[in-house]
Amino acid sequence: MAMAELSAPQKTSTFLNSSSRLRLSSKLHLSNHFRHLLLPPLNTAPNSKISCSVSQNQAPVAVQENGLVKTKKECYGVFCLTYDLKAEEQTKSWKKLINIAVSGAAGMISNHLLFKLASGAVFGPDQPIALKLLGSERSIQALEGVAMELEDSLFPLLREVDIGTDPYEVFQDVEWAILIGAKPRGPGMERADLLDINGQIFAEQGKALNKVASPDVKVLVVGNPCNTNALICLKNAPNIPAKNFHALTRLDENRAKCQLALKAGVFYDKVSNMTIWGNHSTTQVPDFLNARINGVPVKEVITDHKWLEEGFTESVQKRGGLLIQKWGRSSAASTAVSIVDAIKSLVTPTPEGDWFSTGVYTDGNPYGIEEGLVFSMPCRSKGDGDYELVKDVEIDDYLRKRIAKSEAELLAEKRCVAHLTGEGIAYCDLGPVDTMLPGEV
Ligand SMILES: NC(=O)C1=CN([C@@H]2O[C@H](COP(=O)(O)OP(=O)(O)OC[C@H]3O[C@@H](n4cnc5c(N)ncnc54)[C@H](OP(=O)(O)O)[C@@H]3O)[C@@H](O)[C@H]2O)C=CC1
Ligand SMILES: O=C([O-])CC(=O)C(=O)O
């Protein structure tokens, strides 16, 4: 019977790796909490490796071999079943399942994001997904809690949930990796130390993606400082095109659109062509020169140009800090929404004439920004997961000066992590007020 196998992994647990331990704990969890929920099992061989039971009347969707339910190597709870999506009328027309990894999966942002991913709101109503959740020893229990909530949500499109602590296992064959987990900057911690600690995490994850992910994996780095973490990640993943790496600046774009809408007295869907240039930090540049309201240049709609240069710009740069003051923690729900927006912008064609902001590798950029950085710039997509830079944007002296400041900041961050990008010995000369995250003001 399904639960008979529990004794075997317990005996061998001393040499199990971290991911195996999670599999073990999933099984224990199943036996302890779900035994009463399980419907009568199929006939199984005495020593079969099955960690889920399935009812006879579920048989059409579960793949069976020699009377056994075929289970996957890594799985959680009800997601251990293997389904044949072509066996049912309703799911026959669905696309091929895609694998999505999320790190920091037990954290606050993930808590909002995972349920949006599983609902179909990101990849569409005919796109089944597998979620590969990366945590750490700190978050094992919480990660199981996340998986339990995903089980209880009964999302039709969510076909697999795997949890683990080893990126080399969790990132296996993933087509998307959303890297959220990062250490927050604590009181008195030097910026250089934060760059180093988080940089180690992203260097390791880059290496793991390089080795085991799909060769065309798209990577969205959220964990701060996200531009430099994305740079470290891509430098450690030479087999993956550098173009596939993004740092999340979509939250900044959304914040900027909201502030312009508020000032102009229009709903925020009227604001378009919003670029965030540079670093996800207080040097970021929300571009009111090229943005439009109802298709009209912002400067023609909002004639208070002093406000645009000072009030507006600062309110976007420091929005995260203000939110922390109010909430006592950093943006989580709106960040998750902006991750959804960022991915949707890559998997759906950009509306004619519009664009979106994302932090991408600067090699070959037409704006004169130093190569070898991850810098937020205006992009368009055909909806195939790829993007191109928008060429016809105006850059005046004001913008040029501001962009140069953010560029200088990113170059300084890059020097600090040279030991993690394979570019020699790190030299850290960050100023005390520079490289502030939006939440650090
Ligand atoms: N780019 C953007 O627009 C934004 C970025 N962020 C950034 O996103 C990241 C995650 O935010 P949020 O989900 O709210 O954060 P949480 O504090 O909820 O943590 C997320 C995860 O980070 C990992 N983590 C926490 N502490 C440490 C540590 N000491 N060392 C290593 N990893 C640790 C943990 O994962 P585990 O233990 O499983 O490894 C944790 O579950 C932060 O870096 C934040 O600054 C936030 C808002 C906007
Ligand atoms: O500073 C933080 O951790 C939060 C953050 O990035 C933001 O709100 O933009």
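Each ligand, and each atom within it, is numbered from 1 in the order the structure gives.
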Requested in this report: Cation-pi check, Lys132 to Phe171: give yes when NZ or CZ is under 6.0 Å from the six-membered ring centre and within 45° of the ring axis, no otherwise.
Outcome: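 No, Lys132 does not lie over the aromatic ring of Phe171.
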Query - Protein heavy atom at shortest distance from atom 8 (O) of ligand 2 - result: Arg255 NH2, 2.9 Å
Atoms of ligand 1 close to [X] [distance to a heavy atom under 4.0 angstrom, numbered from 1]:
| X | value |
| --- | --- |
| Ser139 | 36 (P), 37 (O), 38 (O) |
| Gly135 | 38 (O) |
| Cys226 | 1 (N) |
| Ser331 | 47 (C) |
| Gly223 | 8 (O), 9 (C), 43 (O) |

Query - Residues, nucleotides or ligands: over 12 heavy atoms within 6.0 Å of Tyr268 OH - result: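 No.
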Report task. Output yes when the distance from some N or O of ligand 1 to some N or O of Met108 is under 3.5 Å, and no in every other case. Result ->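 Yes; at least one N/O pair falls below 3.5 Å.
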Query raised in the report: Relative to the heavy atoms of His280, which atoms of ligand 2 are at a distance of less than 4.0 Å?
Result: 5 (C), 6 (O), 7 (C), 9 (O)
Requested in this report: Would you tell me whether Ser331 and Arg255 have side-chain atoms, one donor and one acceptor, within less than 3.5 Å of each other?
Outcome: yes
Query - Between Thr282 and Gln317, a side-chain donor and acceptor under 3.5 Å - result: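 Judged by distance alone, the side chains do not pair up.
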